[in-house]
Amino acid sequence: MKAEILPASEAMERALALLRAGEVVAIPTETVYGLAGDATNGLAVAKIFEAKGRPRFNPLIAHVASLEMAQRVGRFDPLSRKLAETFWPGPLTLVLPLQPDTDIHPLVTAGLDTIALRMPRGFGAALIGRLGRPLAAPSANSSGRISPTSAQAVQSDLGGKIRLIVDAGSTAVGLESTIVKVGQDSLRLLRPGGVPASEIEAAAGMPLERGGGDGIQAPGMMASHYAPGAAVRLNARSVGKGEALLAFGPDRAKGWEEAVAMRNLSPAGDLREAAANLFSFLRELDDSGASSIAVEPVPVDGLGEAINDRLTRAAAPRDKLPAPD
Ligand code: TXA
Ligand code: MG
């Protein structure tokens with residue numbers, strides 16, 4: 001069975017009706033498509049976990065339509081307010097202390113005393129505004145698969161499990177949001193994403209802490225993740241027999257003419273363009289039937305940090321850890 005796909009311009013009332021009835025709906029955001037449900041409705045949130053096959057210890061992001069809605073759910077201090085004012089709506093998620101008297105269902109936070117909050121752009125924000133409540137929404141992919149950047153990608157992965165996909169075309173950013181945990185006088189980068197770390201540091205006037213610290217803070221960030229079916233080989237300077245090539249920039253890896261299939265993330269070497277193309281090109285090369293995808297080096301500055309993070313996860317051994325997300 002397939003889900004119904006409606007263009008965003010026609011989908012508002014139908015999406016609202018389904019969400020009010022406790023159903024889940026796949027919606028576009030500027031980062032990736034999300035699988036959304038009413039964050040105050042435990043049954044709706046349970047349906048999200050079920051459709052994705054996601055372990056329940058892995059908390060969800062609550063999406064809001066305004067800073068006011070966010071403040072009813074999370075406790076903002078001057079630093080988190082500054083970041084929200086600078087980057088919202090947009091691809092930044094803030095992990096903040098959970099308000100004690102919130103009606104967010106505890107399944108959303110997996111029982112933690114913190115909550116991940118983000119204000120998306122476009123259809124999602126309008127939908128949440130109309131609903132008047134936050135939407136819990138992880139990326140609309142089966143746990144462990146590549147995040148969808150088009151309605152068709154959602155259909156081919158989750159189409160049999162959900163009723164409606166709202167279609168707004170390809171997502172503009174193409175990578176998930178950057179996740180930052182705000183502590184007392186500290187900021188920790190939990191996941192690089194659509195806002196480059198350097199922009200957050202500039203706005204905050206302080207450096208982001210990375211890695212180590214007090215253990216796994218974004219439970220979904222385990223090594224094996226975003227896994228295509230084909231093996232993924234990073235920093236390739238040459239193409240092996242039977243391999244597909246994920247290229248970047250103007251210079252080609254040796255033997256590229258023999259590649260089973262090739263996509264170039266950005267012929268001009270533009271990281272923004274590369275981010276927007278990353279997940280759909282990985283899917284396309286995976287579908288080419290190649291046993292392995294060779295990936296040319298991508299610089300690590302700016303958005304390149306998040307691109308390399310996702311590529312590293314795509315290349316990680318699959319049997320080591322359960323893919324949680
Ligand atoms: O761009 C995005 O962020 C997309 C769109 C749909 O908004 N959403 C997304 O959600 O990527 P998801 O569930 O695939 O990833 C959310 C990540 C997970 O790694 C989860 O563990 C982490 O956020 N997370 C959620 N709540 C958390 C919390 N309270 N503390 C730490 N990490 C948290
Ligand atoms: Mg995800």
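Note that ligands are numbered from 1 as they come in the structure, with each ligand's atoms numbered from 1 the same way. Residue numbers count from 1 along this sequence.
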What pairs of donor and acceptor atoms, side-chain ones from residues 121-129 against any protein atom, are under 3.5 angstrom apart with sequence neighbours left out?
{"from": "Arg121", "atom 1": "NH1", "to": "Pro89", "atom 2": "O", "distance (Å)": "3.2"}
{"from": "Arg121", "atom 1": "NH2", "to": "Pro89", "atom 2": "O", "distance (Å)": "3.4"}

Just jot down the ligand 1 atoms closer than 4.0 angstrom to any heavy atom of [X], in number order.
X: Ile61; result: 3 (O), 8 (N), 9 (C), 10 (O), 16 (C)
X: Ser139; result: 8 (N), 9 (C), 10 (O), 12 (P), 14 (O)
X: Ala116; result: 25 (C), 26 (N), 27 (C)
X: Asn58; result: 18 (C), 20 (C), 21 (O)
X: Ile179; result: 17 (C), 23 (O)
X: Leu112; result: 28 (C), 29 (N)
X: Gly34; result: 6 (C)

*asked:* So, 4.0 Å and heavy atoms of Lys181: is ligand 1 close enough to count as a contact?
replied: no
*Does Thr109 come within less than 4.0 Å of ligand 1, judged by its heavy atoms?*
no
Residues [X] and [Y] bridged, charged N to O under 4.0 Å:
X: Glu23; Y: Lys47; result: yes
X: Arg313; Y: Asp309; result: yes
X: Glu176; Y: Arg118; result: no

*Would you say the side chains of Arg75 and Ser80 form a donor-acceptor pair under 3.5 Å?*
no
_Inter-residue atom distance Thr114.OG1 - Leu94.CG, 0.5 Å rounding_ = 12.0 Å
*asked:* Whether the side chain of Asn141 engages the backbone of Arg145 through a donor-acceptor N/O pair (distance < 3.5 Å, no angle test) should be reported.
replied: yes
_Test item: Thr29 side-chain N/O and Thr31 main-chain N/O as donor-acceptor pair under 3.5 Å_ = yes
Less than 3.5 Å between some nitrogen or oxygen of [X] and one of ligand 1, yes or no?
X: Glu176; result: no
X: Thr114; result: yes
X: Thr93; result: no
X: Lys52; result: no

_One residue to check: Thr31. Relative to ligand 1, which of side chain, backbone, both or neither has a non-hydrogen atom less than 4.0 Å away?_
side chain
*Which is it for Leu190 and ligand 1 at heavy atoms under 4.0 Å: side chain, backbone, both or neither?*
side chain
Under 3.5 Å, sequence neighbours excluded: what are the donor-acceptor pairs made by side chains of residues 105-113?
{"from": "His105", "atom 1": "ND1", "to": "Leu107", "atom 2": "N", "distance (Å)": "3.0"}
{"from": "Thr109", "atom 1": "OG1", "to": "Pro106", "atom 2": "O", "distance (Å)": "3.3"}
{"from": "Thr109", "atom 1": "OG1", "to": "Gly111", "atom 2": "N", "distance (Å)": "3.4"}

_Regarding Ser139, does it place an N, O or S atom less than 2.8 Å from the Mg ion (ligand 2)?_
yes
_Does Lys181 form a salt bridge (charged side-chain N to carboxylate O under 4.0 Å, His left out) with Glu209? I'd like the steps, not just the answer._
CA-CA 10 Å; Lys181 182 166 185 171; Glu209 296 167 12; over 6 Å; no
